[in-house]
Structures are given as structure tokens and as C-alpha cells.
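Comments concern the structure below.
Numbers here are sequence positions counted from 1. Ligands are counted one by one from 1 in listed order, and the atoms in each one are counted from 1 as well.
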Amino acid sequence: MYTHLELRDSARVPVSLSTLDKMKREREKIACLTCYDASFAVLLDIADVDVILVGDSLGMVIQGHDTTVPVTMDDIVYHCRAVSRGVHRPFLMADLPFMSYPSKERALENSVRLMQEGGAEMVKLESGAGQIEIVEFLAKHDIAVCAHLGLKPQSVHKTGGFRVQGRGEQAARRMLESAKALEAAGADIILLECIPNELGAEITAALEVPVIGIGAGPATDGQILVLYDILDITSGRKPRFVRNFMEGAGNNLEAARAYVRAVRDGSYPGREHGFT
Ligand code: KIV
């Protein structure tokens with residue numbers, strides 16, 4: 001049970017926002033995964049993952065809901081606290097769940113909870129033009145912010161399901177402008193979910209901050225996947241951008257290492273994992 005802790009090399013310098021900015025400048029790909037507990041956090045640390053997200057996807061993969069909507073602040077704080085105990089090198093990001101940021105004041109209050117009670121180093125919120133003021137407010141209070149654009153799972157009941165976003169000239173322009181405005185408002189990372197490959201490349205080239213993609217094509221500065229998807233634990237239909245890294249791996253650690261290697265050497269994702 002303790003062998004993983006012994007394997008962890010605590011001499012490695014923890015990843016910070018400056019590390020991620022430098023990786024973007026030097027065109028080194030950033031490998032990110034979701035995580036929800038301490039044991040997997042230790043394992044992902046050993047696998048050399050750069051960023052760990054305590055995502056509200058826990059509502060689906062841990063709690064068994066159909067969407068992320070039922071996830072509460074208490075749920076994220078609980079899982080984040082567990083993950084933070086296992087993490088040494090990776091930068092730790094946590095999701096602000098559904099309706100935890102309806103105003104800038106509530107966003108600040110809940111971000112403070114994620115950082116002080118959960119141990120998060122950055123908060124992520126599903127964003128668009130409507131969240132610019134919130135991002136600005138959090139940035140003004142020195143909170144590291146990741147703005148999530150494209151498919152926004154917290155909005156599925158409004159948008160009509162888990163669908164590719166940003167298709168067509170007008171929608172693509174709108175997303176590019178939102179990404180630029182969120183960067184200008186102080187977002188430190190932009191995360192793009194399920195958008196066409198070309199738009200992923202265009203937004204990545206237009207921004208100075210790192211851009212992390214999930215189903216956003218091979219050109220983004222980094223990639224993120226849901227941990228249980230790469231470990232082939234998730235049941236049901238898999239999105240096109242998911243690759244099963246257990247194939248050819250003897251155990252979970254080898255699979256996580258294979259994922260990090262594939263992101264870093266550019267062999268994952270291929271164009272076929274993305275959308276047109
Ligand atoms: O909650 C989550 O896992 C996410 C990823 C899909 C990026 O937001």
C-alpha cells in the first residue's frame with residue numbers, strides 16, 4: 001500500500017503557472033488528467049502528469065449521475081482535499097460546480113473554499129461572455145483561473161445535450177472573441193472542450209496563456225482527459241476523443257505514463273480524435 005508513496009520523488013519541483021507558461025512558449029505539451037482521490041493522485045504524480053483537475057465529472061464517474069449538474073461545492077471540496085493529500089508535483093485545479101458562481105461575490109467565496117478547504121491552486125469555471133466580470137474579479141483577488149469554453153457540461157439542459165460547439169463561421173468567431181476577452185480579463189488558462197480541430201488551433205495561436213484541449217484537436221498546448229476514460233473504467237459509449245491507454249499497459253501506472261508520453265510526443269491526440 002505504501003510502495004507508491006516511496007516511489008514518489010519529492011525532489012521534483014512542483015508545477016506552477018510559470019512552468020505552464022514556459023511550456024507553452026517552448027512548445028512542450030502539457031499533460032493533464034482528472035482525479036478524485038488520494039491513491040490515484042499519488043499515482044498520477046509518479047506518472048509525471050503536469051496538471052490534475054478535480055473535475056465535476058465526478059458527478060458522472062464517481063456518483064453515477066447522467067450529468068455534472070447535481071455536483072455540489074461540498075462534493076468538490078471533499079474530493080479536492082483527498083487529492084491534494086496525494087499530490088506533490090502536479091498543479092492542482094478544481095472545478096467550481098453548477099451554480100456556485102452566479103455572481104462574482106459567490107464565485108470568490110466558493111473559490112476561497114476550494115483553495116483553503118480543498119487545497120486547490122486554481123479554479124475552473126465554465127465561461128463565456130457572461131463570466132468575464134467574474135474572471136476579472138477573481139483575478140483581481142489573485143486567484144488563478146481557468147476559463148472553460150466550448151461544450152459546457154453544466155449547461156447541457158439548456159444547450160440540448162453533449163454536442164460539438166463552435167461549428168460554423170459565426171460560432172467560431174464568437175468563441176475566439178470570448179477566449180481573447182477571458183484572457184484579457186485575467187484567465188491564466190483556457191480549456192476548450194469538443195470544438196473543431198481548426199478552431200482549437202486558431203484559439204491556441206491567438207492566446208498567450210496556455211490552452212488545454214479535450215476533443216479540441218492536436219494543436220492545443222496541452223490535453224486533458226477523464227482519468228477513468230484512459231483507464232477504460234467508464235462504461236457506455238465513449239466520445240471520439242477518448243483513447244484507452246490500458247491497451248498494452250500492465251497496470252494503471254503504466255497506462256498513466258503512456259498517456260503522458262503520448263501527449264508529450266504528440267502521438268495523442270491524432271486528428272481522428274477531434275472534430276471537423
Ligand atoms: O469535469 C471535468 O472532468 C472537466 C473535463 C472534461 C475537462 O471539466
Within 6.0 Å of NZ in K22, more than 12 heavy atoms from elsewhere: no
Shortest protein contact, atom 5 (C) of ligand 1 (heavy atom only): L53 CD2, 3.9 Å
Would you tabulate the side-chain donor-acceptor contacts of residues 204-220 under 3.5 Å, counting partners in other chains and residues two or more places apart, or write 'none'?
unit_1	atom_1	unit_2	atom_2	d
T204	OG1	G200	O	2.6
T220	OG1	G222	O	2.8
T220	OG1	Q223	NE2	2.9

Side-chain H-bond candidate by donor/acceptor type, Y78 with E117, under 3.5 Å: no
Partners passing side chain to side chain contact (heavy atoms under 4.5 Å, CB included) against E198 (at least two apart in sequence or in another chain): R271
Atom 8 (O) of ligand 1: the protein heavy-atom neighbour that sits closest, reported with distance to 0.1 Å: K124 NZ, 2.8 Å
Close approach, H148 and ligand 1, non-hydrogen under 4.0 angstrom: yes
Atoms in ligand 1 flagged as close to I214, the criterion being non-hydrogen separation under 4.0 Å: 6 (C)
Pair S57-Y228, side-chain donor/acceptor within less than 3.5 Å: no
Carboxylate-amine/guanidinium proximity below 4.0 Å for R89 and D45: no
D95: numbered ligand 1 atoms lying under 4.0 Å from its heavy atoms: 1 (O), 2 (C), 8 (O)
Protein heavy-atom partner closest to atom 2 (C) of ligand 1 - residue, atom, separation in Å: S57 OG, 3.3 Å
Where ligand 1 meets T34 - atom numbers and elements under 4.0 angstrom, heavy-atom basis: 3 (O)
Ligand 1 atoms in contact with E193 (distance to a heavy atom under 4.0 Å): 6 (C)
